[in-house]
Amino acid sequence: MAKTFRGGVHPDDQKRYTAAKPIEVAPVPQKVIIPTRQHIGAPCTAVVKVGDLVKKGQVIAEAQAFVSSPVHASISGKVAEIAEYPHPVFGACTAIVIESDGLDEWVEGLPLERDWETLEANAIKDIIRQAGIVGMGGATFPTHVKMAPPPEKAIDSLILNAAECEPFLTADHRVMLEAAERVVTGMRISMKVLGVTKGYIGIEENKPDAIAVMQKAVTGTGIVVVPLKTKYPQGAEKTLIKVIVDREVPSGGLPMDVGVVVQNVGTVVAIADAVQKGLPLIERVTTVTGGAVNEPKNLLLRVGTTFAQAIELCGGFKESPAKLIMGGPMMGMAQCRIDVPVIKGTSGILALSSSDVNAGEEKPCIRCGRCVNACPMGLVPSMLSILGQQGLYETAKEDFDLLDCVECGSCVYVCPAKRNIVHYVKYLKAQNAAAAAKK
Amino acid sequence: MGEYFTLFMGAVIVNNFVLTRFLGLCIFFGVSKNLNASVGMGMAVTSVMTLSSILAWAVYNYVLHPYNLTFLTTIVFVVLIASFVQLLEMIIKKHAPALYNMWGIYLVLIATNCIVLGVPLLNAESHFSFLKSVVHAIGSGVGFALAIILMASLREKLQYADVPKSLQGLGIAFILAGMLALSFFGFSGMIPL
Amino acid sequence: MSAETKVEVNQLTVSASPHIRCDESIAKIMWTVNLTLAPAALMSVYWFGFHAAVTLAVCIGAAVGTEYLIQKWQGKPVTISDGSAFLTGMLLAMNIPATVPWYMPLLGSFVAISIAKHTMGGLGYNIFNPALIGRAFMLASWPIAMTTWPALAGAVDGVTSATPLGMLKLQGYEKLVATFGDTANLYQSMFLGSRSGSSGETSALILILGGIYLIYRGYINWQVPAFMIGTVGVLTWAFGGHAGLFSGDPLFHMMAGGLILGAFFMATDMVTIPITVKGQIVFAIGAGALTVLIRLLGGYPEGVCYAILLMNSVTPLIDRLIKPEKYGARR
Amino acid sequence: MAHDAHGHDSDNSIFKIGMNLTIACLLSGAIIAGTYAVTAPVAAKERVNLKNKAMKELVADAQSFKAIEGKTDWYTAEKDGKIVAYVVPAESKGYGGAIKMLTAVTPEGKIIDYKILAHNETPGLGDKASEPKFSKQFAGKKAEDLEVVKVPTDKNIQALTGATITSRAVTKGIREAVEQVAAYASQKK
Amino acid sequence: MSTSVLILVVLASLGLIFGFILAFANRKFAIEVNPLIHIVEDVLPKGQCGACGYAGCMAYAEAVVLNPDVAPNLCIPGKEPVAKAVAELTGKTAAAVEPRVAQVKCAGSNEKAVRGYDYAGVDDCVAANLLFGGPKSCKYGCLGLGTCVRNCPFDAMTMSPAGLPVIDPDKCTGCGKCETVCPKKVIAMLPLGAHVRVNCNSRDKGPVARKACTAACIGCSLCVRECPYGAVKVENNLAVVDSAICREQCSDAKCLAKCPTKAIRPAVLGIVPGTEDQASVEAACPSCVKSTAAAG
Amino acid sequence: MNNPNQSLWEIFYKGLFEQNPIFRLALSLCPALAVTSTVVNALAMGLSVLFVITANNVVVSLFRHWVNPKVRVPVFITSIATIVTVVQLVLEAYFPELFKALSIYLALIVVFAIILARAEVFAAKNTVVPSFFDGFGMGAGFAGAMVLIGVIRELFGAGTIFGFQVFSDAYNPVLIMILPPGGFILIGVMIAGINLFGEYQEKNRAAKAKAGATPALQGSEA
Ligand SMILES: Cc1cc2nc3c(=O)[nH]c(=O)nc-3n(C[C@H](O)[C@H](O)[C@H](O)COP(=O)(O)O)c2cc1C
Ligand SMILES: Cc1cc2nc3c(=O)[nH]c(=O)nc-3n(C[C@H](O)[C@H](O)[C@H](O)COP(=O)(O)O)c2cc1C
Ligand SMILES: Cc1cc2nc3c(=O)[nH]c(=O)nc-3n(C[C@H](O)[C@H](O)[C@H](O)COP(=O)(O)O)c2cc1C
Ligand SMILES: Cc1cc2nc3c(=O)[nH]c(=O)nc-3n(C[C@H](O)[C@H](O)[C@H](O)CO)c2cc1C
Ligand code: SF4
Ligand code: SF4
Ligand code: SF4
Ligand code: SF4
Ligand code: FES
């Protein structure tokens, strides 16, 4: 029986546009803009100069801290500029612009062939770090850090997050269908590194073909495929863990506090490629879709391709989009310009037409309680929004568990008063952080 | 037993001192801005009132009434209670400064508050027995506490509401009290006293 | 690239996530409730005739008009189209005798909207149920008119009759049953509505159907009416009879007075009740118990209005004490 | 509130503080005693006057009122040395609490009139019980005639609109008083 | 007569008993609160603005009374008289409080500043700033959503229809609360008496700044060259005026003449920057008149 | 508060509006609700308080140097209680019906916070004459507010004033006005009204000040 969690919402999944479209390999772009900051954590510093010739897979920016991850050239060519460029998450960031030489050559020694089963866990961790792998589910947390939990945390399970609960997005879905073997290999590598025996793959029921394919692919590995009820935010770490292993991550804690590591489909594929073939993370599958896009597609895009280029590959716009979003419609970030680059965490590029975006005017909360019922974290979102209006972050934190909100947006989705609860939450969290920084 | 219960419930809800008899309104409105303070105040008023009623009962029944000095009731009671409360205030100030800070000047207001004087006066006027006086005092105190706690929770909720500026503070508090009193009409006629 | 390919954008909209919303709105909810109430309102016109229609019109008109004027005066956006003032007016009309002189519902509606709703900031902020404040205000102001019940249509204007609960209070259960013939007849008229009472409360059937529709639409939680009516049933069965415990007539009490209307349409006013379902259950049980307390011991024959108002005043405390079950243990 | 630095240390001796209050009390005592000496006799006279006036209103043709021994607050109204009425207190529980009345009854047990002395009924509803429109109904009736009804008949007491509880309470109180008077009067005869 | 005696007896004993109980209790339970704290608090303006660096007026009163190192002139809203009074009460010497008034360093009204995107969200500058720094193309400019206006403890600010806050110089106490809450830090405290000011906060290079807003300071340094006293400097592509030099030495405000974007203007308070007219300039900065006329 | 430059008129006047004991200071609220359902009671109560507060202010200011601060409150209260008792005795003797109508609230005058507050805040620090005017102003403000409330409540709630019918018989009194909830709500609305009036005055004053002081601000810039 499909398992599920408390709360959640059921938006139309809108996956019909791209679910049946095989992944299309995008042509090598003329120019890529590669931000030096592709992950959560300390930024990287460029290790190339303007005018340098670089090869595909060459390190162009180096990590300085442990919680950081290097950046590689995604095409071969010449470094044309190192300057501040728009960034889809941080607004602006130093980026390395590479102009293609049209050759698309790998850096020396790549790709290679390696048998992962003979490698030491520590060696694998190092490979993962050097390959610049970060979480591709959206959070872009450096994967090698996640794979090296402190010794006092006993990890016993790896969960593959294949829920892909965001409407519109089908990247993980397609990857599972087309690269099931690599997915399983990547998972097994991760399990080896973590030293765990239990592996689960959680897939929402609206992807029966993926469930079937994965079930076949895991035979003999001991990994279990867990069908999940189709409900947003099934793919949020905390709800996924609750559903699959019935544990609750404590407030303020991490999955590893309950002995679990969660990994996204794209991430494990990148791990498999890095360990088996030595390939760094320079490209990813991205769903380009939305009511304003002519021909929605799943594209394999080089990091640094601009959104404009990606949309051009999909036949451009049907109409001028009202909103351009990186990621899904529930958690994604609205963009203010179209020339931002694809980064490692860009799971989707969504161009919503004005009919898709129907926010309506914000009204006072009528206390209907829909948000309370929808909140997977068991919070009182209506109070968070009201306290947000007054800027009372302390009350919100102490009495209403502000910091436990995962900003999933379920509450906003159901609110008849169209309250911008997530925005208030972000605002309160920012206030709280500012106050904490002051102290 | 039934008689005492009726007396008690009458004082708590049917003829709630704050909402139908209008005693203790200054502290009712003054302190009800904050729920915690209201809980404390409710307890303070109940205990002060009970103790003063006992004192007042003794003085009335052993001195004033036997010697036909009932016209001195007002002055005797008020001095008695004021002094008593001031004593209490000093003790609290010394030994529980946190509590003292919370009530601030309102502890002084208890000393000379109409509910604290009114209940002993009513006891005397109705010639209540000792036990009845005590039950009546506790009932009135609990009724006061009930009203002020409800009121405080309503006012705290209204902090987040878009109350028109001219009504903010006392104005809306009075209107809330009015609606609370209107709701308490539901109990009217329930226990004829 | 084909020539038509267009990748320029006009100015983009940026907001925090999420970027899609469900298509519910306050207006939709309120108007739907209005529509579900409409059959019962029409029924009142059928039973009580022209008077009921006038009262209904005055209540709604005054409620909407008051809201309009207040919002104009305050320079706030006018929100009469959201249907909430309309609903307050309609509910008030359904809660009072159809024959009161026109100026009473006028003032009642005015008080409901101005004092109970807009002094606290308008929709969403009010603590007490506006329609019920309006009714309580009218009952306190004109107790005679407000307890003079019109006889059903067909009878000559001006003829009054007692409500079933009024009869119960003043004349006793036997007399009540006798008036209707037998208990089966009593239940039937209660269920279908051929009895005296407030305009909108007479027919249990229509109100329950409307309520079930709202439950189906997800606008109200079934727990509220179920627990409120259930509590009244249990308590009246236990304490409502004269022949000792468990000799009461719960069926009568459950259909009598404004209980059905109150439980489905007024104890469910989300603005004035706890926000969690658990809190709502506490609210409903409390309202049911207070209803019985007032009906059996109080000065009034009917207690639903005051019971709900009293529980409204406890709602902030309930919300403080009952919170949803949180994910993850606190650190 | 005042924040001035309070007094000097020498002022704060226990004795001084105590005496301060004591003297204030003594002074106040003197003033009150003085006032009381003046007003007490006036008040006493006024009390009697008030009572007589009330009774006179009830029994207009009485010439004097005499307290009945052995009964608190029972009076006989006499005219030309003959008892024309008994004036007795009555009490019962109404809507808002006790209703205290004074009622005048003929020795035959017929009501002459009553007066409500104190009550806590709702203004505009229960308090209409003191108006002649309601109280006139009682005149000339005997205890057994006193039954409250809501539809007028010539024999009974018609309830005040919207205040049945008060009407019943008043009627009950008076009926009890009348019965007592009747019992007392017949016993005396 | 006996009643009178009784009255006296009763009241006298009442007075005696409680007089002595209280007197005794007073001895026993007395605690010392420094009464000066309340007196000092009474003197403070009770804006609870925190400009002094303490959590409200009471906290400052306590600190200034109890701690000899706390200066008596920290209350900025109170200005000179309060500083003096506090100094007197606490026996400290008061250094002067420089009177100052808030200034929004931005003339990028709705018309002049270019919008980067349509903002749909919470009506608050801090909240808007979370989304790529807010809807204005200039990332240094005022967002115009009025967070400062709502937070001014002295009701000194209003939002003008042009989308910029306006400060009433009569009400502004210079407490700096607005400066603290503004996410763009586009509010600065202007010493009273300065007669020119730069109505821009953009540290972008000239062309970028110009593209984002027609009222921007483009860092061209023309004003620096015009000023004979060296009161103006360009730092990070933005002109900065040293108002002390300006106030003490300058009488002709030549710097105003050549500014191509009119980013540097006479310091007329209480209006949207960039809308100074002849009369108000005459009133506020007579020495500026000639130069503005020349520029106009 | 007790600024020496205040004229006696100012001392008197502030109690009427600016520092009205009921509407502004929110002191002594109980009588404002309890004895205002008829104008007569409201007036009698108002006058009694007026008398007590004025007399007490005078007494306190006379004896202020003599009172030890540690027993200041009990002594002031004794003084108030004495005056109240005298009022009680006099009323009982000469106006027994009024005495009855005011019932326990007459005794409660003793504890009306406004009286003690004036004693502490004003009379204890000032000489007799200003204290007299302060008490008289505050008392008048109190009495005025009481009567105002009383008039509104009696007029709408019973259709009468001083017991005389004002509206025609057709008027169906809004009974709630003389019941507790009506009292509360009425005072709430009156407080809001007074605040609005205050704001309006403030605005007028500010507008006048502005018109006089600053030149027109309309932009003439290109
Ligand atoms: C509300 C919410 C929904 C999410 N949905 C998904 C999802 O559908 N798929 C996914 O892979 N990660 C999703 N995530 C991210 C996961 O919580 C988690 O970060 C990710 O699975 C970790 O894998 P990674 O590090 O490999 O990206 C979601 C997060 C949140 C807060
Ligand atoms: C008289 C009237 C009747 C309406 N009836 C309905 C209705 O039955 N169902 C509904 O969803 N909306 C109904 N509406 C609401 C409007 O169609 C529309 O949704 C609403 O006015 C938009 O509100 P807004 O302008 O506040 O967003 C009604 C509006 C009015 C004025
Ligand atoms: C505010 C209010 C005050 C009331 N006061 C009284 C009252 O003083 N005396 C009374 O008998 N009924 C009073 N009632 C009415 C009773 O609750 C009850 O309805 C009435 O006594 C029934 O009498 P009826 O059958 O004549 O209507 C009052 C009702 C309300 C709403
Ligand atoms: C299910 C439901 C029940 C409602 N019940 C009431 C009601 O009993 N009284 C009322 O005035 N408004 C009611 N409303 C309308 C609305 O919530 C009311 O106007 C607000 O209380 C005013 O802020 C109801 C609305 C809904 C959706
Ligand atoms: S869903 Fe919206 S209107 Fe309903 S309670 Fe939550 S915030 Fe309020
Ligand atoms: S965004 Fe936060 S508050 Fe809203 S439903 Fe998600 S976790 Fe709950
Ligand atoms: S000055 Fe700052 S806080 Fe004020 S409106 Fe501008 S951006 Fe917002
Ligand atoms: S404008 Fe700024 S500095 Fe001036 S008073 Fe207001 S917050 Fe303080
Ligand atoms: S509490 Fe202040 S007058 Fe009653």
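Because the structure is a prediction, the values reported are computed rather than measured. By convention in this document, chain letters (A, B, ...) are assigned in the order of the sequence lines, proteins followed by strands, and residues within each chain are numbered from 1.
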Check your understanding: Tell me, do A/M330 and C/I20 make a side-chain contact under 4.5 Å, heavy atoms counted?
Key -> yes

Check your understanding: Is there side-chain contact between C/P324 and A/R6, with heavy atoms separated by less than 4.5 Å?
Key -> yes

Check your understanding: Which residues in residues 378-388 of chain A have a heavy atom less than 4.5 Å from any heavy atom of chain C?
Key -> A/G378, A/L379, A/V380, A/S382

[X], part contacting chain C, at a heavy-atom distance under 4.5 Å:
X      : result
A/Q335 : backbone
A/C365 : backbone
A/L352 : side chain
A/R370 : side chain
A/K318 : backbone
A/D12  : neither
A/V372 : side chain
A/K323 : both

Study note, to complete from the structure: Greatest number of non-hydrogen atom pairs under 4.5 angstrom with chain C, of A/A322, A/P11, A/P167, falls to A/A322

Review point. Between A/C375, A/A308, A/P321, which shows the greatest number of heavy-atom pairs under 4.5 Å with chain C?
Key: A/P321

Practice item. Quick one: list whatever passes ring pair (Phe, Tyr, Trp, His ring centres under 6.0 Å) with C/Y68, sequence neighbours left out. Key: none

Point to revise | Sorted by number, residues from residues 264-274 of chain C in contact with chain A (heavy atoms, under 4.5 Å) | key: C/M270, C/V271, C/I273, C/P274

Exercise for review: Report, by ascending residue number, the residues of residues 115-129 of chain C in heavy-atom contact with chain A at a distance under 4.5 Å; give 'none' if the set is empty.
Suggested key: C/L123, C/G124, C/Y125

How long is the span from the [atom1] atom in [X] to the [atom2] atom in [Y], to the nearest 0.5 Å?
X      : Y      : atom1 : atom2 : value
C/S25  : A/I366 : OG    : CD1   : 9.0 Å
C/L12  : A/L324 : CG    : CG    : 5.5 Å
C/S15  : A/H423 : OG    : NE2   : 8.0 Å
C/N221 : A/C368 : CG    : SG    : 10.0 Å
C/E24  : A/Y413 : CD    : OH    : 10.0 Å

For [X] and [Y], work out which heavy atoms get closest and say how close.
X      : Y      : result
C/I275 : A/G369 : CG1-CA, 3.6 Å
A/E248 : C/K326 : OE1-O, 4.1 Å
A/K242 : C/Y327 : CB-CE1, 3.8 Å

Practice item. Check whether more than 12 heavy atoms from other residues, nucleotides or ligands sit under 6.0 Å from atom NZ of C/K72, and answer yes or no. Key: no

Check your understanding: For atom CD of A/Q390, is the number of surrounding heavy atoms from other residues, nucleotides or ligands below 6.0 Å larger than 12?
Key -> yes

Review point. So, C/H19 side chain and A/G332 main chain: donor-acceptor pair closer than 3.5 Å or not?
Key: yes

Point to revise | Heavy-atom donor-acceptor pair, C/K323 side chain to A/D399 backbone, under 3.5 Å | key: yes

Review point. Hey, are A/R367 and C/D319 close enough for a salt bridge, meaning a charged N less than 4.0 Å from a carboxylate O?
Key: yes

